[in-house]
Amino acid sequence: MAHLNSVRLREDVKLELVYDDQTPWGCGFTGLSDALLRRSCGALEAVVAREGMDALQIQAQRWMPEVMGPRALGSLYTSPERLRETCVYPPASKVRPAALDVFVPHEDGMRTTRLLLCTEQAASLAPWVGAWQRGGARPQHGGAAALWDRLMEAGAFEAPREPVQPLGEGITFVGHAAVAMREADTELLFDPFLLPPSKADPATMRPHTACDLEPSAVFVTHSHPDHFDIPTLLRLGHDTPIYVPAVERESLLATDMVLRLRELGFTAVRSLAWFDEVTVGPYRVVALPFYGEQPTDSHMLHPEARNLGNTYVVEGRDHRVALLADAGRDAAGDTIEMAADARARYGAVDYVFGGYRAWRLQPIRYLFSSVARYLLFVPPEARTRWQTIMNDADDLVATAAAWGARSVVPYANGGAPWFARIRLGPHGNPDRPDDPRIDPSIANVERAIAASEADLELFAMKTGQCAAPARANH
């Protein structure tokens with residue numbers, strides 16, 4: 001219990017870690033590699049501004065030789081099929097947490113404070129932030145006291161109070177790909193990515209915050225930042241068990257999440273390989289293969305450096321749930337076939353949560369996305385071939401049918417105003433309409449699911465309506 005005179009971090013304060021990235025070509029984890037790639041191909045921005053993204057994709061055969069030429073991205077290859085070793089595997093030791101940016105809303109706008117972190121402060125950040133999230137008094141000595149004083153000066157603290165919307169029992173769709181399951185005193189949380197509430201939010205809607213959550217364990221599907229969000233994890237406590245996919249060696253496509261969490265002071269991090277199982281209270285969680293969301297939907301360069309991830313099946317007392325995040329298909333496997341194999345091995349599930357975005361695109365478009373580095377791993381013969389790296393709505397329904405599910409829940413595509421503000425999922429901006437190949441409207445998804453109901457004998461649950469007694473923000 002917090003001391004009567006204690007304070008806690010404000011719910012509406014945003015935290016962001018800043019890393020010092022000294023790798024030769026940039027690390028995928030920090031975003032530097034994506035920025036450098038976009039800068040190397042900056043001339044394409046004028047093409048997109050003048051003619052639009054569709055025109056760029058249609059003209060991919062014209063532009064790709066220039067993009068991959070020796071004066072652009074071609075310098076990153078030792079041969080047409082081989083990237084430089086330090087590009088595929090940026091030296092992990094050359095990336096370290098260097099600062100914490102704190103964004104505090106004020107009446108005159110957002111104020112940003114950068115708190116520089118020495119090695120000792122970075123290694124203790126998770127214990128401090130987790131404690132201050134729950135509420136506490138000023139530390140007496142050392143780096144913690146110095147950070148406390150800077151946060152207090154920035155106005156980042158408030159008096160402790162009760163949660164605004166605590167989770168009840170059952171399944172709760174927290175938002176984007178975050179799903180919580182609760183039975184009695186046990187709460188599981190998957191892919192937590194929480195954004196702070198804002199005065200701009202509709203009066204009848206607000207995002208869940210860390211104050212609403214009491215996870216007994218956290219599970220992460222893969223290391224993309226909308227699934228592996230360190231600022232959210234910092235607020236959940238350094239000693240909360242966190243299960244992440246096994247990554248033997250950090251690469252441009254896969255972050256070593258165990259390393260990155262432990263260097264911030266998290267003490268209960270464990271990796272799960274495919275088909276590993278863990279029991280948390282009344283829940284049994286099985287890690288299953290994560291196919292798709294790779295640079296191509298078939299062969300890729302350096303397949304050993306793939307975007308490593310897990311999908312999960314969760315068995316509770318009254319239901320079994322599959323969570324697929326951004327899965328699809330690639331040269332290693334197909335999620336639909338994986339679902340059929342998992343059904344034979346573990347039994348049918350009641351509910352499937354899955355993405356439906358498809359990401360149907362020409363690889364040149366990666367340069368204008370959050371995964372520009374994906375383009376480097378596309379083989380020469382596939383650089384002008386359309387790729388579909390995630391499940392679309394039809395694939396999601398087929399996956400649920402293969403698993404023998406009673407219901408399918410489309411998720412992992414934003415869907416609320418606070419996600420639209422960071423351009424995650426449909427954003428509803430008439431000046432920059434959504435690309436239906438990237439962010440299909442939920443109406444189109446519902447039509448696709450409804451059209452399959454009779455054949456697949458699935459009851460299609462609309463976004464935000466999860467397994468009873470679930471609640472949702474969307």
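Between the side chain of D350 and the main chain of S407, no donor-acceptor pair closer than 3.5 Å is present. At distances below 3.5 Å, at least one donor-acceptor pair connects side-chain atoms of S223 with backbone N or O atoms of T255. Under a 3.5 Å cut-off, the side chain of Y77 and the backbone N or O of L376 do form a donor-acceptor pair. Put simply, the side chain of S251 gets close to the backbone of L253: a donor and an acceptor are under 3.5 Å apart. S124 places no side-chain N or O within 3.5 Å of a backbone atom of Q121 that could act as its donor or acceptor partner. The backbone N or O of R96 lies less than 3.5 Å from no partner atom in the side chain of D20, so there is not a single donor-acceptor pair. Remark: the backbone N or O of P295 is paired with a side-chain donor or acceptor of Y366 at under 3.5 angstrom.
Atoms CH2 and NE2, from W418 and H208 in turn, are 9.0 Å apart once rounded to the nearest 0.5 Å. Here S369 contributes atom OG and I438 contributes atom CD1; the two are 8.0 Å apart, rounded to the nearest 0.5 Å. To the nearest 0.5 Å, atom CG of residue D395 and atom CG of residue D334 are 7.5 Å apart. Annotation: the span from I58 atom CD1 to L56 atom CG amounts to 9.5 Å, rounded to 0.5 Å. Put simply, CG on D21 and CZ on F29 are 10.0 Å apart, with the number rounded to the nearest 0.5 Å. Separating the CG atom in L116 from the CG atom in L100 is a distance of 10.5 Å, to the nearest 0.5 Å.
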For side chain to side chain donor-acceptor pair (under 3.5 Å), just list the numbers for D191 and T221, CA-CA rounded to whole Å, side-chain angles, deciding distance to a tenth of an Å, and then say yes or no. CA-CA 7 Å; D191 283 355; T221 58; 2.7 Å; yes
Set out, in order, the CA-CA distance, both residues' side-chain angles and the distance that settles side chain to side chain contact (heavy atoms under 4.5 Å, CB included) for I171 and F353, then state yes or no. CA-CA 11 Å; I171 306 172; F353 284 73; 3.9 Å; yes
Between C27 and L32, is a side chain to side chain contact (heavy atoms under 4.5 Å, CB included) present by the stated rule, with each step listed? CA-CA 6 Å; C27 172; L32 180 59; 5.8 Å; no
Step by step, would you call R345 with F275 a side chain to side chain contact (heavy atoms under 4.5 Å, CB included)? CA-CA 10 Å; R345 184 168 181 169; F275 307 109; 3.4 Å; yes
Could you go through the salt bridge (Lys or Arg N to Asp or Glu O under 4.0 Å) check for D435 and R365 one step at a time? CA-CA 12 Å; D435 184 339; R365 180 159 182 177; 2.4 Å; yes
Check step by step if side chain to side chain contact (heavy atoms under 4.5 Å, CB included) holds for T311 and M338. CA-CA 10 Å; T311 57; M338 184 274 288; 3.5 Å; yes
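The shortest distance between side-chain heavy atoms of T384 and Q362 falls below 4.5 Å. Residues L261 and I230 meet the side-chain proximity criterion, which asks for heavy atoms closer than 4.5 Å. Between Y356 and N413, some side-chain heavy-atom pair lies under the 4.5 Å cut-off. Between T209 and P197 the shortest side-chain heavy-atom distance falls below 4.5 Å. Considering only heavy atoms from C-beta on, L189 stays 4.5 Å or farther from M181 through its side chain. Looking only at side-chain heavy atoms (C-beta outward), L194 and V174 come within less than 4.5 Å of each other. Using a 4.5 Å cut-off on side-chain heavy atoms (C-beta onward), V48 and F368 make contact. Considering only heavy atoms from C-beta on, T240 comes within 4.5 Å of V218 through its side chain.
Here salt bridge (charged side-chain N to carboxylate O under 4.0 Å, His left out) pairs that include residues 285-309, with residues two or more places apart or in two chains, are D297-R385, R306-D330. Sorted by first and then second residue, the salt bridge (charged side-chain N to carboxylate O under 4.0 Å, His left out) pairs involving residues 244-261 (not counting sequence neighbours) are E85-R249, E250-R260, R260-E263. Listed by first then second residue, pairs satisfying salt bridge (charged side-chain N to carboxylate O under 4.0 Å, His left out) with a partner in residues 37-49 number zero, not counting sequence neighbours. For residues 114-123, the pairs satisfying salt bridge (charged side-chain N to carboxylate O under 4.0 Å, His left out) are D101-R114, with sequence neighbours left out. Here side-chain hydrogen bond (donor to acceptor under 3.5 Å, both in side chains) pairs that include residues 50-72, with residues two or more places apart or in two chains, are E51-Q59, D54-R437, Q59-R62, Q59-W63. A ring pair (Phe, Tyr, Trp, His ring centres under 6.0 Å) check over residues 80-106, counting only residues at least two apart or in different chains, returns nothing.
Closest non-hydrogen pair, Y411 versus L324, comes out as OH-N, 3.6 Å. Of all non-hydrogen atoms in G328 and T335, the two that sit nearest each other are O-OG1, 2.6 Å. For W274 against P289, the heavy-atom pair with the smallest separation is CE2-CA, 3.3 Å. The heavy-atom pair separating A60 from I364 by the smallest distance is CB-CG2, 4.3 Å. Between C87 and L76, the closest heavy-atom pair is SG-CD1, 4.3 Å. Nearest heavy-atom pair across L301 and P80 is CD1-O, 4.1 Å.
Under the ring pair (Phe, Tyr, Trp, His ring centres under 6.0 Å) criterion, F377 pairs with no residue at all, not counting sequence neighbours. Remark: F266 engages no residue in a ring pair (Phe, Tyr, Trp, His ring centres under 6.0 Å) (not counting sequence neighbours). Listed by chain and number, the residues in a salt bridge (Lys or Arg N to Asp or Glu O under 4.0 Å) with R360 are D392 (sequence neighbours excluded). For D439, the salt bridge (Lys or Arg N to Asp or Glu O under 4.0 Å) test picks out R357, with sequence neighbours left out. For W386, the ring pair (Phe, Tyr, Trp, His ring centres under 6.0 Å) test picks out no residue, with sequence neighbours left out. Among residues two or more places apart in sequence or in another chain, the side-chain contact (heavy atoms from CB on, under 4.5 Å) test is passed with A156 by L9, V13, V102, V104, L151.
Using a 4.0 Å cut-off between a side-chain N of Lys or Arg and a carboxylate O of Asp or Glu, R373 and D34 qualify as a salt bridge. A salt bridge between R383 and E381 is absent, with no side-chain N of the basic residue lying under 4.0 Å from a carboxylate O of the acidic one. Ion pairing between a basic and an acidic side chain is recognised when a charged N comes within 4.0 Å of a carboxylate O; R421 and D201 show such pairing.
Ring geometry, Y312 versus F219: the interplanar angle exceeds 60°, so the pair is classed perpendicular (tilted spans 30 to 60°).
Side chains of T86 and W25: a donor on one and an acceptor on the other come within 3.5 Å. Defined by atom type and a distance below 3.5 Å, a donor-acceptor pair is present between the side-chain atoms of D326 and H227. Between the side chains of D226 and H176, at least one donor-acceptor pair of N or O atoms lies under 3.5 Å.
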